[in-house]
Amino acid sequence: MSDPFSWDDSGEPDFSSPPVPREGGIAARARAAAAGAPRYLDALNPEQREAVETLDGPVLVLAGAGTGKTRVLTTRIAHIVATGRARPHQILAVTFTNKAAREMKERVGVMAGPGAEGTPWLGTFHAISTKILRRHAELVGLKSGFTILDTDDQIRLIKQILQAENIDDKRWPARQFAILMDGWKNRGLEPERVPAGEAEAFANGKGRKLYGFYQERLKILNAADFGDLLLECVRLFRENPDILADYQKRFRYILVDEYQDTNVVQYLWLRLLAQSTPESPQHNICCVGDDDQSVYGWRGAEVENILRFDKDFPGAKVIRLERNYRSTGHILAAASHLITHNDGRLGKTLFTDGEDGEKPGVCSVWDSEEEARVIGEDIEQLQRQGKSLDEIAILVRASFQMREFEERFITLGLPYRVIGGPRFYERMEIRDAMAYLRCVAQPADDLAFERIFNTPKRGLGDATLKILHDNARLARIPLMQSARMLSETEDLKPQQRQTIRALIADFDRWSAQLGSMPHHELAEVILEESGYTDMWQKDRSADAAGRLENLKELIRSMEEFPDLAAFLEHISLVMDTESGDSDEKVSIMTLHGAKGLEFETVYLPGWEEGLFPHQRSLDEQGRAGLEEERRLAYVGITRAKERARIYFATNRRIRGLWQTTIPSRFVDELPADHVEVIESNSGNYGGYTVSRFNSTDTFGSSYTTPGWKRAQSYRDNPSSAASGARAAPKVIEGELVAKSSGGSNFQKGSRVFHIKFGMGNVAAVDGNKLTVDFDKAGRKMVLESFVETK
DNA sequence: GATGGGCAAGTTTTT
DNA sequence: CTTGCCCATC
């Protein structure tokens, strides 16, 4: 048998691979030994191979950027299975993101071949915790069907509690308390264990009490927030040693991805599961991570977890992966040298056998506008060389930086995609639609009911809600039922009563259809009949069309699930849609969002003190903050395979004010031998461009005076410098790909719709370029291919 | 109960 | 310069 991944043993009821001759684990192992090293190991370098083959005892794999971390993890899983050490369902493999989990699952699946058992315990910390909690929900005061609240639900719940406690939520914002509580949960602290000082700090000493109330409310609602998923799981393990022992026995091998990003609860969770048991006397835990890529300290990640791994797990074997397969020599050298400025590293030296390649470029520009223009031109040049736009990314420190690039790219007609924005499932319309579905599937879901009971507007407000609430609390029934009760009495005004009665009738009808209609069709019916789709169709604002698109996408994605319940479970934990468009586009995203990705060409704008490293990071975290920012810079550079360009502007508009900035200290920390200073060729107007490499005098100049601003605006747009409004984006002659030579399809005065700017009137037509007065966004110059007639 | 104007605040983000 | 939230008004 050539496939090392078919094994036998049909002892598991859920095991559905085709019948194969029964063999014992020992035989399988013997066969693997006889066959010599399996093929899948051939593709590994010696260090990777060691990381895969060291199966006994704790292992820490320090995997530098681009060193084949995922390959090691997936091959290791395959290897454990192939050698008969454990079967897939005895392996626990945790990741942080659904994306990472999905990728790993796919790759393991490919290695294992068709028909092999899946890996049921490969998933995110949260997904696996949920799975465990659902089995033992009663032990932590929940019922198995508990709902998972997202941040939005969480805030609304907190608001209710603050109100009930008569706390001024102006002085003590719910959002702030949510963050505080999240921090406690991340640190594994239940209400009674929050340090007194911290607990007192909120709402004049009421912090702990509020946290307690909140947890009580969650239990009553049969709900858990994201933090609870981990925290309650840890509590479950602590309070029920027999259950813990069961899982310890089950999970013979534990693998952890991105270990440098684990927080305290996740660490506790892992430590409990990895404890020695008679069946498994060794800690067969393998953590993979890179201390140099720890950039989530601000949300509770503890780099210390990875730094003290060998103390937590004595006798741990540490394996370093330092051979980089991604970047060229100069890029690697630049990143490596930069990161040596950090203290407290475990230390790795990345190297590559590849070419030296192009040196990373460093380029000084006048302001953020020029930055966008220069980068745009650079990309167009790459495009002319036939490079794929999919292999180009702009990585920013803060999302406000994205706007300028978007505007520039729209003008240039350069396709781009913004990655990161509000996630699909966080969008208002998706959450509203989900709330309707939740109300049908889980009639006791009060938060869902509250969300949609007056969406679309049907004349029900706070006053009515309060009556429903009071009645619900009195009778100890869910809101939906309370509404039903009140629709039959005289407690409400006739108008409201009528509306509620109709709403209840709707829900009854939909619930009845639940069994007789495919759930995605039902969803469509619900959105239609509730008037929800109508609401957006009538909406004339810029993003209404997009929202309707999203709703369609939601319904489409439902088809992939067997029923509504399965869909809801999935969506509460995952729901990131891969936007199906396959057109080539430049990616714009934050440095955080870029972690784990790679591109041929990477642009790194905004390397200025205050922005990067970010001032707030320095103020709040001091040296640790600076080091985290530096790791972020390291992550940024190491995303590049062939080309990296760093930019810093002399002037940047922050909160509407122009400020003179100084270049980031990280620029000077780059190794001079491995970077190249680039002149911004287009920005050299009258010698205004200041390259700090030519002239260090960028300090203390009064570049924000009105005169300078005028000069700058004139420079960009000599013809219209006098126009008071925001200068129209400059169009570079002859650079635009002219299309439809036979004149424009648009005329002056046409009413048009633009995906970003909304509705507007065409003010002027110039070939395929339109000047449009948008209702909301003002005058913009856009390409005609970006608008449609309405 | 809806709607619009005024005011404060404004890294990074997954689940 | 934006955006989002709260409050006062119709």
Side-chain angles (χ1 to χ4, degrees), chain A residues 94-101 123-130 148-155 159 168-170 173-176 179 182 185-186 224-231 258 261-263 265-266 294-301 368 395-404 419-423 425-426 428 454 456-466 493 495-496 499 570-576 589-596 606 610-621 625 628-629 631-633 635-636 652-658 726 776-778:
Chain A
V94 273
T95 64
F96 275 83
T97 63
N98 291 301
K99 197 169 153 231
T124 61
F125 277 101
H126 292 84
I128 290 171
S129 296
T130 306
I148 299 164
L149 303 190
D150 62 23
T151 327
D152 218 74
D153 294 323
Q154 205 185 350
I155 303 272
K159 275 190 180 149
D168 177 13
D169 78 339
K170 205 150 197 175
R175 196 164 293 275
Q176 192 191 320
I179 291 167
D182 224 49
K185 289 183 175 182
N186 283 158
D225 64 25
F226 283 123
D228 283 337
L229 296 177
L230 271 295
L231 187 55
E258 306 276 15
D261 287 337
T262 47
N263 60 33
V265 217
Q266 287 159 341
S294 160
V295 292
Y296 285 109
W298 51 274
R299 69 177 193 216
S368 49
L395 309 182
V396 298
R397 176 63 183 87
S399 43
F400 74 80
Q401 292 174 262
M402 294 179 178
R403 217 201 60 208
E404 212 134 10
I419 298 179
R423 251 148 301 290
Y425 64 90
E426 280 170 7
M428 191 201 325
N454 193 33
K457 307 243 182 294
R458 38 174 83 91
L460 302 173
D462 288 346
T464 313
L465 182 61
K466 187 168 185 311
K493 287 188 216 141
Q495 175 113 36
Q496 276 79 353
T499 311
H570 171 82
I571 211 167
S572 59
L573 283 171
V574 193
M575 200 58 215
D576 41 6
M589 62 182 108
T590 62
L591 286 160
H592 284 93
K595 205 172 142 200
L611 176 58
F612 190 36
H614 201 281
Q615 194 57 47
R616 200 142 149 185
S617 204
L618 302 182
D619 291 347
E620 288 171 11
Q621 310 285 328
E628 183 154 316
E629 296 282 308
R631 291 194 288 267
L632 207 44
V635 167
R652 190 170 291 275
R653 191 165 39 191
I654 295 174
R655 301 218 254 286
L657 302 166
W658 282 99
R726 181 194 172 75
K776 299 230 159 105

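Every chain is numbered from 1 and lettered A, B, ... according to where its sequence line falls, protein lines coming before strand lines. FYI, side chains are in, hydrogens and waters are out, and symmetry mates aren't considered; it's all heavy atoms of this structure.
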* To do: From the options dG1(B), dT11(B), dT15(B), select the nucleotide whose nearest atom is closest to the side chain of T151(A).
  => dT15(B)

* Structure fact -> Whole-Å distance, L395(A) CG to dT13(B) P, equals 12 Å

* Asked: Does the side chain of T590(A) get closer than 4.0 angstrom to OP1 or OP2 of dT11(B) through an N or O atom?
  -> no

* Asked: Which nucleotide in the set dT3(B), dT13(B), dT11(B) lies at the smallest distance from any side-chain heavy atom of K457(A)?
  -> dT3(B)

* When the distance from CG of L573(A) to C1' of dT13(B) is rounded to whole Å, what number comes out? -> 17 Å

* Asked: If anything within 90° of 0 is syn and all else is anti, what is dT11(B)?
  -> syn

* **Any T464(A) side-chain N or O less than 4.0 Å from OP1/OP2 of dG1(B)** => yes

* If you round to the nearest 0.5 Å, how far is CG of D182(A) from CZ of R299(A)? -> 10.5 Å

* Side chains of E258(A) and T95(A): does their closest heavy-atom pair fall under 4.5 Å? -> no

* Among the candidates dG1(B), dT14(B), dT12(B), find the nucleotide nearest to the side-chain atoms of R299(A). => dT14(B)

* Tell me which of G461(A) and L632(A) sits closer to the 5' end of DNA chain B, going by the nucleotide each one is nearest to. => G461(A)

* Rounded to whole angstroms, how far apart are CZ on F400(A) and P on dA9(B)? -> 18 Å

* Could you tell me whether the side chain of K185(A) reaches within less than 4.5 Å of the side chain of L230(A), counting heavy atoms only? => no

* Asked: For L231(A) and dT14(B), what is the distance between atoms CG and C1' respectively, to the nearest whole Å?
  -> 17 Å

* Structure fact -> note: I179(A), atom CD1; dT11(B), atom P; distance rounded to Å ~ 12 Å

* **Inter-nucleotide C1' distance (dT11(B), dC6(C)), Å rounded** => 25 Å

* With C1' as the reference atom in both, quote the distance from dC5(C) to dT12(B) in angstrom, rounded to an integer. => 23 Å

* **Whether over 12 other heavy atoms sit under 6.0 Å from D619(A) CG** => yes

* To do: Name the orientation class of the two ring planes belonging to H126(A) and F226(A) (parallel below 30°, tilted from 30 to 60°, perpendicular beyond 60°).
  => perpendicular

* Asked: If you check every side-chain atom of H592(A), which of dT15(B), dT12(B), dG1(B) has the closest atom?
  -> dT12(B)

* Per the atom types in the model, does the base of dT11(B) pair as donor or acceptor with the side chain of R397(A) at under 3.5 Å? -> no

* Asked: 5' to 3' on DNA chain C, which nucleotides open and close the contacts with chain A (atom under 4.0 Å from a heavy atom)?
  -> dC1(C) to dC6(C)

* Structure fact -> Of the candidates dT13(B), dT15(B), dG1(B), the side chain of N98(A) sits closest to dT15(B)

* **pi-stack flag for F226(A) and dT14(B), centroid dist under 5.5 Å, interplanar under 30°** => no

* Asked: Given that R458(A) and Q621(A) both sit by DNA chain B, which one's nearest nucleotide is further toward the 5' end?
  -> R458(A)

* Asked: Checking all strands, does S617(A) fall into the base, sugar-phosphate, or nothing category for heavy-atom contacts under 4.0 angstrom?
  -> base

* Asked: When you measure from the side chain of Q266(A) to the backbone N and O of N263(A), does any donor-acceptor pair fall under 3.5 Å?
  -> yes

* Could you go through the side-chain contact (heavy atoms from CB on, under 4.5 Å) check for Q401(A) and S368(A) one step at a time? => CA-CA 8 Å; Q401(A) 292 174 262; S368(A) 49; over 6 Å; no

* For dA2(B), does OP1 or OP2 lie under 4.0 Å from any side-chain N or O of N454(A)? -> yes

* To do: Write down the distance between CD (Q495(A)) and P (dA2(B)), rounded to a whole number of angstrom.
  => 11 Å

* To do: Name the closest nucleotide to the T97(A) side chain, picking from dT14(B), dT12(B), dT11(B).
  => dT14(B)

* Using the test salt bridge (Lys or Arg N to Asp or Glu O under 4.0 Å), find all partners of K159(A) that sit at least two apart in sequence or belong to another chain. => none

* Ignoring backbone atoms, establish whether T124(A) has a side-chain N or O less than 4.0 Å from OP1 or OP2 of dT14(B). => no

* Asked: Is Q496(A) touching bases, backbone alone, or none of the nucleic acid, heavy atoms closer than 4.0 Å?
  -> sugar-phosphate

* **ring centroid sep under 5.5 Å plus plane angle under 30, H614(A) with dT11(B)** => yes

* Take the protein atom CZ of R175(A) and the nucleotide atom C1' of dA9(B), then report the distance between them rounded to whole Å. => 12 Å

* With heavy atoms under 4.0 Å as the rule, sort D225(A) into base, sugar-phosphate or nothing. => nothing

* Counting any heavy atom closer than 4.0 Å, what does R631(A) reach on the DNA or RNA strands: base, sugar-phosphate only, or nothing? -> nothing

* Asked: What is the nucleic acid contact for D261(A), judged by heavy atoms within less than 4.0 Å: base, sugar-phosphate only, or nothing?
  -> nothing

* After noting the C-alpha distance and the side-chain angles of W298(A) and H614(A), does the key distance pass the ring-ring contact (aromatic ring centres under 6.0 Å, His included) rule? -> CA-CA 13 Å; W298(A) 51 274; H614(A) 201 281; over 10 Å; no

* To do: Look at the side chain of N454(A) and the backbone N and O of G461(A), then say whether any donor-acceptor pair between them is shorter than 3.5 Å.
  => no

* **Spacing between E629(A) atom CD and dT13(B) atom C1', to the nearest angstrom** => 14 Å

